[in-house]
Amino acid sequence: MTKKGNLIVISGPSGAGKSTVVFKAVENRKDVCFSTSVTTRKPRAGEVDGKEYFFVDLERFQEMVDNDELLEHAEYVANSYGTPRAYVEKQLEAGLNVILDIEVQGARQVHEKMPEAVMVFIVPPSMDELKRRLEGRGTDTARAIEARLIRARQEYREADFYKYLIVNDDAEQAARELDAIITAEGCRFENRAAILQQA
Ligand code: ADP
Ligand code: 5GP
């Protein structure tokens, strides 16, 4: 019998280093895949449709919501984002751990629908450092950065339902912690108990 994979939900302020940490954590793992979200946000320079996101207009997004094609969805700084349900369900059934990089409102929806999902919150060591990283990344205007900092504070206040908190000061250390969480969650008794029945 194939063991079902775990749904690993990663959140944290934009610029905290989520992508950086997640990619480092999983580069040598074969048991992990990424869900690609849909968004109404315009692609940033270098972003490719179907890779970072599926870029859609508001009408198509609404159609996906109406057809219940999204596991969760939320608005973030004036754009809509959502997780296509079919891909996630298929990969979990196939035994892979699926990583979602989503903001707090969407994460709360997943937590409520799927209490077994592994909730991980990643933060930078300080708000000053967050601002530096957003400026350093060079992908957002000063106004967008301000909006993201305001949203970050709001997210901190709403984040009490996460199970794990990673402080991304040193990215290597943060990646080791995430790798350890994914491994430990895969070892949970209820995930493996089927083997005891086969004995
Ligand atoms: P997110 O996915 O959370 O929006 P990114 O992974 O894009 O964040 O990281 C934001 C910026 O911060 C990037 O320029 C990245 O290179 C940098 N960064 C990530 N982790 C660290 C770290 N531990 N120390 C310094 N800079 C970092
Ligand atoms: P960005 O515009 O920087 O790519 O993403 C902005 C925020 O949207 C990030 O916090 C990211 O985690 C979140 N996000 C990306 N995809 C989804 C999604 O499918 N659902 C939800 N709820 N949030 C998402």
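When a ligand or atom number is given, it counts from 1 through the structure's own listing order. Treat the numbers as computed from the prediction; the structure is a model and nothing was measured. We count residues from 1, following the sequence as given.
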request  = Pick one of side chain, backbone, both or neither for how Gln105 approaches ligand 2, counting any non-hydrogen atom pair under 4.0 Å.
outcome  = neither
task = Determine, for Glu135 against Arg132, whether the closest basic-nitrogen to carboxylate-oxygen distance falls under 4.0 angstrom.
result = no
request  = State, to 0.1 Å, how close Gly15 and Leu130 come at their nearest heavy-atom pair, and which atoms those are.
outcome  = C-CD1, 3.5 Å
ask   = Does ligand 1 have any atom that is closer than 4.0 Å to a heavy atom of Gly12?
value = no
Closest protein heavy atom (residue, atom, distance) for atom 16 (N) of ligand 2 = Ser37 OG, 3.1 Å
task = Looking only at distances, please establish whether an N/O atom of ligand 2 is found under 3.5 Å from an N/O atom of Val38.
result = no
message = Tell me the closest heavy-atom pair linking Leu70 and Arg85, and the distance in Å.
response = O-NH2, 3.3 Å
message = Which of the numbered atoms in ligand 2 are under 4.0 angstrom from any heavy atom belonging to Glu72?
response = 18 (C), 19 (O), 20 (N), 21 (C), 22 (N)
inquiry  = Return the closest protein heavy atom for atom 2 (O) of ligand 1 as residue, atom name and distance.
reply    = Ser19 OG, 2.6 Å
query = Taking atom types as modelled and ignoring hydrogens, do the side chains of Gln105 and Gln109 form a donor-acceptor contact shorter than 3.5 angstrom?
reply = no
ask   = Just which atoms of ligand 2 are under 4.0 Å from any heavy atom in Gly82?
value = 18 (C), 19 (O), 20 (N)
message = List ligand 1 atoms under 4.0 Å from Ala171, heavy atoms only on the residue side.
response = 23 (N)
ask   = In terms of residue, atom name and distance, what is the protein heavy atom nearest to atom 9 (O) of ligand 1?
value = Gly17 CA, 3.5 Å
note = Min over Val110, Ile10, Ile102 of heavy-atom distance to atom 24 (C) of ligand 2 lands on Ile102
ask   = Considering only protein heavy atoms, which is closest to atom 10 (C) of ligand 1, and at what distance to one decimal place?
value = Gly15 O, 3.6 Å
ask   = Can you check whether Thr183 reaches Arg29 side chain to side chain, under 4.5 Å on heavy atoms?
value = yes
remark   = The option among Glu129, Arg137, Arg148, Gln173 carrying the non-hydrogen atom nearest to atom 7 (O) of ligand 1 is Arg137
ask   = Which atoms from ligand 2 have a heavy atom of Ala74 less than 4.0 Å away?
value = 22 (N)
key: Shortest non-hydrogen separation from Lys18 to Gly12 and the atoms involved   = NZ-O, 2.9 Å
query = Are any of the side-chain nitrogens in Arg151 or Glu146 under 4.0 Å away from the carboxylate oxygens of its partner?
reply = no
query = Is there a protein heavy atom less than 4.0 Å away from atom 13 (C) of ligand 2?
reply = yes
note = Taking only non-hydrogen atoms of Lys18 and a 4.0 Å limit, the atoms of ligand 1 in range are 1 (P), 2 (O), 3 (O), 4 (O), 6 (O), 8 (O)
task = Look only at interatomic distance and state if Arg41 has a nitrogen or oxygen under 3.5 Å from any nitrogen or oxygen of ligand 2.
result = yes
task = Flag Asp170 as yes when one of its N or O atoms lies below 3.5 Å from any N or O atom of ligand 1, and as no otherwise.
result = no
ask   = For ligand 2, which part of Arg44 has a heavy atom less than 4.0 Å away: the side chain, the backbone, both, or neither?
value = side chain
Closest non-hydrogen atom pair, Ala25 against Leu178 = CB-CD2, 3.8 Å
request  = Compare Glu103, Arg148, Gln109 and give the one whose heavy atom is closest to atom 22 (N) of ligand 2.
outcome  = Glu103
remark   = Residue, atom and distance of the protein heavy atom nearest atom 11 (C) of ligand 2 read Asp101 OD1, 3.7 Å
request  = Report the C-alpha separation of Phe61 and Tyr81 in whole Å, then their side-chain angles, then the decisive distance to 0.1 Å, and conclude whether the ring-ring contact (aromatic ring centres under 6.0 Å, His included) test is met.
outcome  = CA-CA 8 Å; Phe61 191 90; Tyr81 296 80; 8.3 Å; no
query = Evaluating non-hydrogen atoms only, which member of Thr20, Asn168, Leu134, Thr139 is closest to atom 6 (O) of ligand 1?
reply = Thr20
request  = Using distance alone, with no hydrogens and no angle criterion, decide if Glu103 and Ser11 have a side-chain donor and acceptor under 3.5 Å apart.
outcome  = no
task = May I ask you to check whether Gln62 and Asp66 show a side-chain donor-acceptor distance below 3.5 Å?
result = yes
ask   = For ligand 1, is Asp169 a contact, meaning one of its heavy atoms is under 4.0 Å away?
value = yes
request  = Heavy-atom distances under 4.0 Å are what count here, so tell me which part of Pro13 touches ligand 1: side chain, backbone, both or neither.
outcome  = backbone
query = Are a donor atom and an acceptor atom from the side chains of Arg143 and Thr141 found within less than 3.5 Å of each other?
reply = no
ask   = Which atoms of ligand 2 have any heavy atom of Ser14 under 4.0 Å away?
value = 3 (O)
query = Closest non-hydrogen protein atom to atom 18 (N) of ligand 1, residue and atom name please, with distance?
reply = Arg133 CD, 3.9 Å
remark   = All heavy atoms of Thr36 vs all of Pro84, minimum pair found to be O-CD, 3.3 Å
remark   = Note: Arg133 and Ala16 closest approach over all heavy atoms is NH1-O, 3.0 Å
key: Heteroatom proximity flag, Gly136 to ligand 1, N/O under 3.5 Å   = no
query = Relative to the ring of Phe121, is the ring of Tyr162 parallel (under 30°), tilted (30 to 60°) or perpendicular (over 60°)?
reply = tilted
message = Just to confirm my output: which protein heavy-atom neighbour is closest to atom 4 (O) of ligand 2, and how far is it?
response = Tyr53 OH, 2.5 Å
key: Side-chain heavy-atom pair Val88, Leu7 within 4.5 angstrom cut-off   = yes
message = Using a 4.0 Å cutoff against the non-hydrogen atoms of Ser14, which atoms of ligand 1 qualify?
response = 4 (O)
